[in-house]
Amino acid sequence: MDTKEMIKINQLNKSFGDLHVLKGIDMTVYESDVVCLIGASGSGKSTLLRCLNFLEKKDNGDIIIKGKEVDPSTDNLNKIREKVGMVFQHFNLFPHKTVLENIIEAPIMVKGVAKEEAISKAKQLLSKVGLEDKLDVYPNKLSGGQKQRVAIARALAMEPEIMLFDEPTSALDPELVGEVLTTMKELADEGMTMVIVTHEMDFAKEVADWIVYMHDGKIVERGNPEQFFSNPKEERTQEFLKTTILK
Amino acid sequence: MERKEVATLPSFSHFIQTLIETKSVFLKAMLLTIELTVVSILIGIVIGLFFALLKISKIKVLEFISDAYVYLVRGTPLIVQIFILYFGISGIFLLPDFWAASLALALHNGAYISEILRGSIQAVDKGQMEAGRSLGMTKVLTLRRIILPQAFRRALPPLGNQFIIGLKDSSLAAFISMNELFNVATTLGSNNFDEMTYLLIVAIYYLVLVALLTFVVNRFESKLAVSDR
């Protein structure tokens with residue numbers, strides 16, 4: 001095996017009260033992999049993603065990040081989260097801070113990066129996502145697509161090795177989806193390890209290395225995009241693809 | 001029982017004349033009212049923030065302490081609290097009048113401020129905490145840098161309201177012989193057998209103070225609202 005295992009999970013279980021959301025998930029994500037998690041709402045894909053940076057606490061099972069098993073009760077989760085960036089469906093930008101301040105906050109406060117250095121890095125990231133002119137603008141002056149690109153830049157400012165995307169385009173107007181997906185595709189092309197919960201099948205088909213289809217808290221099928229979309233093995237997957245493609 | 005004499009309104013010229021003549025004594029009293037108000041509000045904010053954080057700590061014991069404090073303060077009249085601190089605590093250790101009054105007012109304001117802050121902290125979208133945590137920020141750091149600034153902004157209108165109430169409540173310090181505005185007005189009024197004139201004068205002073213306080217709070221609000229523009 002020449003590629004590094006970035007994330008490995010064994011028999012992950014998670015319940016919310018009586019609701020068993022994740023039922024023994026096994027998954028491995030290798031370096032530079034782009035994994036798209038797809039499935040109907042309530043299938044557990046967002047919960048799985050949130051378990052990967054410990055925003056949700058697992059009930060049992062192992063989560064191994066870069067070869068090291070993480071024990072949330074003893075390990076410093078903040079250190080791990082520095083390496084695992086996250087982009088949310090609803091952006092979650094800090095509304096009382098400008099675009100620039102949003103991006104430099106964590107590098108300065110968490111990593112102790114010097115302010116000038118953080119700013120120049122932020123400018124670099126903003127031009128990468130095509131928003132270098134929005135430096136001093138407050139988030140509420142941005143479109144949804146712009147907000148999400150700032151959120152991506154903010155996560156990248158911590159120089160993560162893994163990026164998690166939780167339905168990054170689901171809250172966007174249709175005409176704004178493209179700009180965010182373009183940014184994500186560029187990131188994938190640069191070799192970022194990415195786990196993406198998405199409903200954008202065309203994007204998944206084009207960018208993903210692996211598609212993971214979840215249903216009812218379990219992984220039903222996984223495969224590379226060609227095989228997965230053109231020749232799904234499981235009946236459930238065929239059903240799902242039929243309904244989503246009809247949409 | 002003797003029938004209360006009906007006070008008549010003073011003539012306008014008499015009112016103006018008395019207003020001018022008494023200005024130095026009232027200004028001095030106003031200073032004390034301002035001191036009582038500012039000190040009790042500032043301490044009240046610290047107390048309020050402390051108990052609001054206890055309340056959102058999700059630790060049962062701390063929540064209970066916060067609940068108990070709010071209940072005790074809201075469940076008893078301010079004048080009772082002032083007297084307890086003045087007569088009760090002063091008997092145990094010497095508490096200067098000013099601090100007995102300030103502390104009673106601060107403890108009182110603190111309970112209401114804690115409820116205001118708790119509400120506004122909880123009103124901040126929980127995605128903000130998640131965003132902070134996902135960037136590797138600790139809970140405390142996220143609270144301090146991300147949640148509280150937003151919460152304070154939301155809290156400002158109700159806080160301003162509470163500050164005004166606090167300002168007017170400081171008049172109750174008159175009952176522990178603080179020579180603040182209300183005390184001076186009633187003393188001068190009865191000494192001169194001219195209560196109504198002095199009550200009207202003191203009302204003017206309070207109105208001016210409330211106008212000033214409102215102005216300051218509004219300025220602060222528009223300054224903080226910069227990210228809404």
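Naming: A, B, ... by sequence-line order, numbering from 1 per chain. When reading the values below, keep in mind they use all heavy atoms of this one structure, side chains included, and skip hydrogens, waters and symmetry mates.
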Inset, instruction - Select all residues of residues 181-190 of chain A having any heavy atom within less than 4.5 Å of some heavy atom of chain B, and report them by number, or 'none'. - result: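 Listed by number: none.
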Inset, instruction - Considering only heavy atoms, give the residues of residues 70-86 of chain A separated from chain B by less than 4.5 Å, sorted numerically, with 'none' for an empty result. - result: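 A:Asn78, A:Arg81, A:Glu82, A:Val84, A:Met86, listed by number.
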Inset, instruction - Kindly compute the distance separating CD (B:Glu130) from CD (A:Glu56), expressed to the nearest 0.5 Å. - result: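 B:Glu130 atom CD to A:Glu56 atom CD measures 7.0 Å (nearest 0.5 Å).
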[X] atom [atom1], over 12 foreign heavy atoms within 6.0 Å:
X        : atom1 : value
A:Lys111 : NZ    : yes
A:Lys121 : NZ    : yes
B:Phe215 : CZ    : no
B:Phe220 : CZ    : no

Side chain, backbone, both or neither: which part of [X] has a heavy atom under 4.5 Å from chain B?
X        : answer
A:Met109 : both
A:Phe94  : both
A:Arg50  : side chain

Inset, instruction - Output yes when a side-chain donor or acceptor of A:Asn92 lies under 3.5 Å from a complementary backbone atom of B:Gln128, and no otherwise. - result: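 Side chain of A:Asn92 to backbone of B:Gln128: no pair is present.
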Legend entry - Non-neighbouring partners of B:Val217 that pass side-chain contact (heavy atoms from CB on, under 4.5 Å), sequence neighbours left out: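 If we apply the side-chain contact (heavy atoms from CB on, under 4.5 Å) test to B:Val217, skipping adjacent residues, the hits are B:Leu156, B:Phe163, B:Glu221.
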Inset, instruction - With a 4.5 Å heavy-atom cut-off (strictly below), which parts of residues 131-152 of chain B touch chain A? List them by number. - result: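 Interface residues of residues 131-152 of chain B: B:Ala131, B:Gly132, B:Arg133, B:Ser134, B:Leu135, B:Gly136, B:Met137, B:Thr138, B:Leu141, B:Arg144, B:Arg145, B:Ile146, B:Pro149, B:Gln150.
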Legend entry - Partner chain B: residue of A:Leu93, A:Asn53, A:Val137, A:Thr98 with the largest heavy-atom pair count (under 4.5 Å):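 The residue among A:Leu93, A:Asn53, A:Val137, A:Thr98 with the greatest pair count is A:Leu93.
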